[in-house]
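Working notes, beginning with the structure itself.
So that the names make sense, note that chain A is the first sequence line, chain B the second, and so on, each numbered from 1.
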Protein chains: 6
Amino acid sequence: MMGRGILLGGIPGVDPGEVVVLGGGVVGAAAARAAAGLGARVTVLDIDLERLRHLADVLPANVTVLHSNPCEIRRKCVAADLVVGAVHRTGARAPAIVPREVLRMMKAGSVVVDVAVDQGGCVETTRPTTHSNPTFIEEGVVHYAVVNMPGAVGRTSTFGLANATLPYVRALADLGWREACRVDPGLASGVNVAAGRVTHPAVARAFGLPLTPVDEALANGDA
Amino acid sequence: MMGRGILLGGIPGVDPGEVVVLGGGVVGAAAARAAAGLGARVTVLDIDLERLRHLADVLPANVTVLHSNPCEIRRKCVAADLVVGAVHRTGARAPAIVPREVLRMMKAGSVVVDVAVDQGGCVETTRPTTHSNPTFIEEGVVHYAVVNMPGAVGRTSTFGLANATLPYVRALADLGWREACRVDPGLASGVNVAAGRVTHPAVARAFGLPLTPVDEALANGDA
Amino acid sequence: MMGRGILLGGIPGVDPGEVVVLGGGVVGAAAARAAAGLGARVTVLDIDLERLRHLADVLPANVTVLHSNPCEIRRKCVAADLVVGAVHRTGARAPAIVPREVLRMMKAGSVVVDVAVDQGGCVETTRPTTHSNPTFIEEGVVHYAVVNMPGAVGRTSTFGLANATLPYVRALADLGWREACRVDPGLASGVNVAAGRVTHPAVARAFGLPLTPVDEALANGDA
Amino acid sequence: MMGRGILLGGIPGVDPGEVVVLGGGVVGAAAARAAAGLGARVTVLDIDLERLRHLADVLPANVTVLHSNPCEIRRKCVAADLVVGAVHRTGARAPAIVPREVLRMMKAGSVVVDVAVDQGGCVETTRPTTHSNPTFIEEGVVHYAVVNMPGAVGRTSTFGLANATLPYVRALADLGWREACRVDPGLASGVNVAAGRVTHPAVARAFGLPLTPVDEALANGDA
Amino acid sequence: MMGRGILLGGIPGVDPGEVVVLGGGVVGAAAARAAAGLGARVTVLDIDLERLRHLADVLPANVTVLHSNPCEIRRKCVAADLVVGAVHRTGARAPAIVPREVLRMMKAGSVVVDVAVDQGGCVETTRPTTHSNPTFIEEGVVHYAVVNMPGAVGRTSTFGLANATLPYVRALADLGWREACRVDPGLASGVNVAAGRVTHPAVARAFGLPLTPVDEALANGDA
Amino acid sequence: MMGRGILLGGIPGVDPGEVVVLGGGVVGAAAARAAAGLGARVTVLDIDLERLRHLADVLPANVTVLHSNPCEIRRKCVAADLVVGAVHRTGARAPAIVPREVLRMMKAGSVVVDVAVDQGGCVETTRPTTHSNPTFIEEGVVHYAVVNMPGAVGRTSTFGLANATLPYVRALADLGWREACRVDPGLASGVNVAAGRVTHPAVARAFGLPLTPVDEALANGDA
């Protein structure tokens, strides 16, 4: 059987597991809270000092927050039973902050869960897996890198997604797309194409097309 | 895919799962603490009022402790996403306190983990499963009833077992079995056969042999 | 006697009460924390996802935060022993998000405390009551909707109000009203009338008078 | 209006109330936990050091446990906003550990809730009150001393009482009273009269009748 | 021996110490959390109501947050066993908010730790001390006012300082100073002199030299 | 300066200290709670499995409880920043469970606080020190082994001692020594000499005198 044979939370008298969470955003904080709730000793690494202070304020006492750098990542990963990759860069590929040589130093049977797999993964050895065949072993470390992890808990995910998107749907329905975008610049920044012109910088760049600022497109009434 | 698609701990904005733990002993309390640590809403049912008071003192705020009776068991199970069977009777078969008709009323895709399976299970529909084929569905409910569940976390279990038994091993090694049993009546009560005579009531009963009280066997020096 | 005969926090062995808090602002969060502190199972509903995440970070484990919508409001209210209405819209009437037909489905003897009563209430059946005659029953539900609830704890309220207003008083005393308003646009936005002209949009609208922007009034030295 | 105008839990910026709980048994611990849950600063006084250590282990951080003596009782009561009398002596009148001269030193409008009223009260000035007329003022202190306080939450109390007594009822029904008493000395100690003879010391003493030990009555088959 | 002979956290049965923290910023919050973690009863005073609400959300239950004013400062200090001065004004001397007459009313042997000593101290009687001779007594109160307190825990301080400054060092190394300052106005605001001209208002004022806005200096390529 | 320059509780971004507590009795549990309250990562080692379960129930989440054995003691001590020796054997010398060779493997500047010093210490290198000269360095480890440590907090200790002994004093005063000892066998077991005869086994052994059982001495009225 794969794995280290460790109950993450331990039992009275026996050491709990060591969990390392890379990235302290929404995903990383939730992972840290869950692992800590089970009883593990948890470390969260992030580069944003203000975020670390906030996490130190609100996460349970068995979570330590550390400033992330390659040295600390290596030091913590080699002692870990479970590493959770939760690094995220808006609109960009996740950086592979755990290189293969760190994987080689990790304990045999330890586990990597790379939640960043949908953005390419933040562990060098990550490759996408599926819900039906979720894991593989590389350098002696069990990798779980299922694409679309939230799909495993479809009901909770669906409600969560609906909660996050419904306000926009409602604004579109109530105001029409143009007025909704005028009222909410955040929504406007998501418009890719309007009135036949490309309004999103990344799309324009990707296709080599001219970019029309979205404000300009909104100002015209010709959509 | 089996299950209800629910993340037990929920996410901000979406309901967590309802977990029901039958039995508030060491196993049940640990299960309740883990589920609560993940963020679920947990109910522990037990018939021992003093134990309930203790659990109310030490378990997290999202655990409710209830006096167990058939009515409450049914009321709670039909609303549950996960039922953990952790009923234990020393040296006896676990009582099947969740009858099949309650299973029929449970939500489709809900899960039963019957930790009591090694003592016959405390859910009527339980039948033993294995680590390689751990679950089956009956009445629409997913059953997990792996014999020797601690085997899944072999390292933690082994240390835990060693911690619990080592004091006896040490006493046997230091004092010899006879003196060790004299000093510790708890150890003596575990002697099955001594000097050719059966000293344990259950063994004597099972084989229809005469019973020699263990004290008497210990008093004689002829082992 | 009115009510459901329930101790909100329950006792070991007996279910606690279900408390639903509508609105997760300062008032709703305080209500949720108090009810959770007593031992109740609490749900807070709000439409602001960022606020829900914050509340999930800082409120006790026996508080669940849910994204508010008419469906969830009804589902939660009909199971509640106590509903606290703490919805607030700055400078506007509170929306009546609990309609009478939900009240009709609620348990007999359950209680509504509509803290929003000073802004018209967020429960359709709310009508203002007084400290000397604080409750009435409608649709079988006990309503508590005392105007000026903080008046019941006059000492705490007075200190709280002083803490919130004293910085403004001090600025007015130190700088004079005009300079204080220049330094602090927040204070300026509260000016209703200056130099004989109406400077507040709502006042101008209410009385059909011309509006002078407060900046303009402050710029002139003729007050 | 009676009282000190204080919200027990305070609000951010304003001091919470000071709550003193006399007696750290089941009632006192529950009162302390509830008051602490609301946010008050709580002190529990008890004379049993082992119990104090347990309470310090399990009660929230805003509860202080103190060894009780007349000096500490006075020191704490005079600074209190709320005093909860939860002293209990099995089968005996509660001692009046808060004398009138301490009441005189208490703050005007402070409150005494004497839960011990059913055993005569543990505050010298206590006299029984009713649910319909629950309070009176003496020495400037509001007294709440309703006889049968649990009656105010009839549903929770009834379940709680049933949980505590049902095991005995079941034993009586399964075994008959005589066998049930033989099996459970605790039950036997509650028998007042058997086979026409008084078997309870307090009853015998109260009526000047001869006492038959309950064991003797149980041994005879003539009931 | 100096001091009041008090274990800050108390022991079960004996009152803990009273700790007063002046200022609820990063330092004050950390001090409050540590003292509360030891078991003391802690009060934090600050003038920022939003900050008080945040602290009330995240600090342990044995911390009370109070709106600061001279009256509350005096009331709390005279009852304190330990006062921590953690008041900070960016770029300015700390205000001496605890005057000598309050010191005179404090309990003999109580302790003041004035963390603000590097900015002049927030207690009137503070004068700088050293790690080798850290305390003095004035008005019967023990003062600890070591300059550079973090030096006592050099390893932790060094890592902390590196974490806070490394992002700037990295930006300077990657981009050069000019570009780094253009990208990050926060970094630019720390430039004192550029291209032979003074670019920092406080430096210009202190030396009576003309001030060149830093933007202007950055715009020119002549550095 | 001695020590490792570590703030036990760490700061957001920097690792906290590792604290190892040897012995989970009253002293060890209090030390663990205090260190955990400051923010350190704490491990308590004890040989009593029931006690470990209790500690796991009541201590903060950043405390791990481990079954003690020489292997775990060494493994934990060599990684520690602070080791607290709190091993106690009633009426006997504390065992030296940390041998010198473990000290040699510990980190330079780490600290041992041997609370067991009054019973000979539980660290091989311990020798008694005083409040005026409290520490020494051996094998590169700072030792704090002050005889009568509670004397450093005389007020709290005195109250604590009085709380623990006052019930006996009161019984002696109310009943006389003979009756008090008859009522309370615990008190009787502390009688060393009665009516000219030695009644305590250890005293008899130490002086080679005949032992009179205390019951016998109490039965006679000739004291």
Greater than 12 external heavy atoms within 6.0 Å of A:R170's CZ
no

For A:R155 and B:R4, which heavy atoms make the closest approach, and how far apart are they?
NE-O, 3.2 Å

Enclosure of B:R100 CZ (heavy-atom neighbours >12, cutoff 6.0 Å)
yes

Heavy-atom distance under 4.5 Å to chain B: side chain of A:A34, backbone, both or neither?
both

Quick check on A:L49: does its CG atom have over 12 non-hydrogen neighbours (other residues, nucleotides or ligands) under 6.0 Å away?
yes

If you count heavy-atom pairs under 4.5 Å between each of B:L38, B:I11, B:I6 and chain A, which one has the most?
B:I6

Scored by heavy-atom pairs under 4.5 Å with chain B, the best of A:G37, A:P150, A:S157, A:G9 is A:G37

